[in-house]
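Here the structure is laid out as structure tokens; the discussion comes afterwards.
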Amino acid sequence: MSQPTIESILHEERLFQPAADFSQQAQIKSLEQYQQLYDKAKADPQAFWAELAATELHWFQKWDTVLDWQPPFAKWFVNGKINISYNCLDRHLTTWRRNKAALIWEGEPGDSRTLTYAQLHREVCQFANVLKQLGVKKGDRVGIYMPMIPEAAIAMLACARIGAVHSVVFGGFSAEALRDRLMDVQAKLVVTADGGWRKDAIVPLKEQVDKALANNSAPAVANVLVVRRTEQTIAMEPGRDHWWHDLQAGVSADCPAEPMDSEDMLFVLYTSGSTGKPKGVVHTTGGYNLYTHMTTKWIFDLKDTDVYWCTADVGWITGHSYIVYGPLSNGATSVMYEGAPRASNPGCTWDMIEKYGVNIFYTAPTAIRAFIKMGEHLPNARNLDSLRLLGTVGEPINPEAWMWYHRIIGKERCPIVDTWWQTETGGIMITPLPGAVPTKPGSATLPFPGILAEIVDLEGDPVPPNEGGYLAVRHPWPGMMRTVYGDPDRFRRTYWEHIPPKDGAYLYFAGDGARRDEDGYFWVMGRVDDVINVAGHRLGTMEIESALVSHPFVAEAAVVGKPDDLKGEEIVAFVTLENNITASDQLKNELKKHVVQEIGAIARPGEIKFAEALPKTRSGKIMRRLLRSLAAGEEISGDTSTLEDRSVLEKLREG
Ligand code: WT7
């Protein structure tokens, strides 16, 4: 199986209509209805969003201006007062949903737990009071470094409830990476667990927190709250570390949601870009609440009886928007799973669907390719009749994987929503609405109503159908990121000036290459910057290079992505060594370990190639294009005339 290529998708002519019985019961029932919504939103985006904000969410106080757009800075629902934790919890308590399952959690060694809306509300209120007792105030930042357990969602909602800003760091990141993020965001408190379960092993989360905080390196952190999960022995620093269950015991469950300004910061989530330093993507309250609410409702076609399962980790934006905030704001039942398919339990995904009667299943193409490899006998041996809708996110899906998902999991009955979006966009941007838009395998199809997506060249001029260009968005939308934490200038440069604004009209530059076909369908090809996508995880090549050169034996490093059947891309690092250092397989392993230590296992290079020198232009820029071709084993094509020293290439080729 291979990644989509221009050739394979240019010849993609299959079109799948939503089944009539699906459309009849759907939130959005026909292409005409989609088109009407799209046109209405395009004609007057502010009126469109304002109407939905008024009917779909609870506000303590209504806004007075829908949008204040001082490019590239947007404010939505100015002076509106709202609390997303209230919208996710309190407002359901006065309805029959009070005792409906909000979270169904399945933990690793066979644990499970269901929290109704009333129970989740209680836990969130108590934990919010714990945070207050420890001196956490509105606007303070709280780091969350957790396994996939309900307490992760509880901690997020508790922060939102009192106006603290959460910054979740994926539990697979190393102590080093955690420290960088806690320092950048100046976290006052960290929530973690004694450990988490990951494929039959324990991840020592608390130990990593201790390392991250050693030598007073994130001095703002005054307290660490620890959930008991794996029951292993851990060190607890008196005065700083506290057990969650100790502090939660006997605490009042009365904690009214703080009326937040619509533009108050809700969270900061770090993501990789084309420089060495990850960016803190800032999302605010009102617009994000509305955008995740509406996209969840229409794209996943939520019904009150649905059991919805998104397999992401809460450490990524998908977990924020589509495990926690979007589903709970809609009063849905959201499944949270700590486990992952592995040799000892390869069919666990299908067991989960059968066990909980999952109706809507949202996962990543890399997971689907792994399912294919593990064999269709696994899903075929389970009853998957409950499924009615499937989704994918994170990277382009190759048509073969799409077809397998459609046939083997969806039994040719369930629509597939291939959803394109980013940490920065807050929610899904390009996607089919499942009862309305016919799908083509490998295409994310059409923009969500209110999203003006375009394919342009670097001047911002439109590119004709079927020609490759840059994916860009023209008008602000409620879920968009507001800034880079602590660096508004970087926000402007990275996203809004890459394509120079014309006559005051700004275009959001997504960093993806794409094309639109003759039906207006979007085909996303992948990143056009120095970002690579390994098993659905976004990594900056410069970040990995910085990690490599921080090793004393490394002189220079250049990292590229190489196409990989399973992971989408695999990390290949070209490394030159300091004088007197001898290349060896042992050193390769040491360097791989070093990257894992600096960033985390997700960044472990698949291959390290030692080189005498790296190919550079006369101005000293590493020619990554040549390295990409070399890594992929392709012929070097295109212009090499700018290469400073041609013999470098010959030597690299010879290996
Ligand atoms: C990048 C954003 C947004 C949730 C997970 C990733 C790629 C995402 C698709 C898709 C093709 C996709 C893009 C994008 N991407 N979804 N359906 N088809 N590519 O969030 O870590 O911020 O990464 O993921 O390259 O720019 P992220």
Side-chain angles (χ1 to χ4, degrees), residues 3-5 9 168-170 172-173 268-274 278-281 283 288 291-292 295-296 299 310-323 325-326 362-368 390-399 401-402 405 416-432 439-448 451 453 455 470-473 479-481 484 494-495 498 508-515 521-541 543 561 567-569 602-603:
Q3 281 296 290
T5 60
I9 61 185
V168 185
V169 178
F170 172 56
F173 277 118
V268 180
L269 185 60
Y270 286 82
T271 190
S272 297
S274 33
K279 298 178 274 232
V281 170
H283 284 288
Y288 176 84
Y291 198 68
T292 51
T295 47
T296 308
I299 299 163
C310 164
T311 66
D313 190 287
V314 287
W316 308 111
I317 190 71
T318 309
H320 284 57
S321 301
Y322 299 112
I323 294 177
Y325 291 119
Y362 188 34
T363 195
T366 189
I368 296 168
L390 304 173
T392 75
V393 60
E395 49 180 322
I397 181 162
N398 40 313
W402 196 101
Y405 201 31
I416 296 179
V417 290
D418 172 357
T419 62
W420 176 87
W421 60 297
Q422 310 177 296
T423 306
E424 292 88 337
T425 67
I428 297 166
M429 302 286 278
I430 303 180
T431 176
T439 51
K440 301 182 188 184
S443 170
T445 75
L446 301 171
F448 193 77
I451 300 305
I455 307 289
Y470 301 95
L471 185 45
V473 186
M480 68 194 267
M481 76 182 283
V484 171
T494 314
Y495 301 104
H498 209 89
Y508 169 82
F509 176 76
D512 279 312
R515 81 182 164 88
Y521 276 40
F522 284 81
W523 298 81
V524 180
M525 307 300 301
R527 302 290 307 197
V528 292
D529 50 6
D530 294 321
V531 167
I532 53 181
N533 195 323
V534 184
H537 295 140
R538 173 168 162 185
L539 292 159
T541 52
E543 237 174 299
K567 298 192 213 165
E569 280 184 285
I602 51 172

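As the structure lists them, so they are numbered: ligands from 1, and atoms in each ligand from 1. Please read these numbers as outputs of a predicted model, since none were measured by experiment.
Side-chain rings of Phe448 and Trp421 stay apart, their centers remaining 6.0 Å or farther from each other.
Annotation: side chain of Val534 is not in contact with side chain of Ile602 (no heavy-atom distance under 4.5 Å). Two residues are said to be in side-chain contact when any heavy atoms from C-beta on lie closer than 4.5 Å; Asp529 and His498 fail this criterion. Counting heavy atoms from C-beta on, the side chains of Trp316 and Thr271 never come closer than 4.5 Å. No side-chain heavy atom of Tyr322 sits under 4.5 Å from any side-chain heavy atom of Thr419. Considering only heavy atoms from C-beta on, Ser321 comes within 4.5 Å of Tyr288 through its side chain.
The residues lining ligand 1, counting any heavy atom closer than 4.0 Å, are Ile317, Thr318, Val393, Gly394, Glu395, Pro396, Asp418, Thr419, Trp420, Trp421, Gln422, Thr423, Asp512, Val524, Arg527, Asn533, Arg538.
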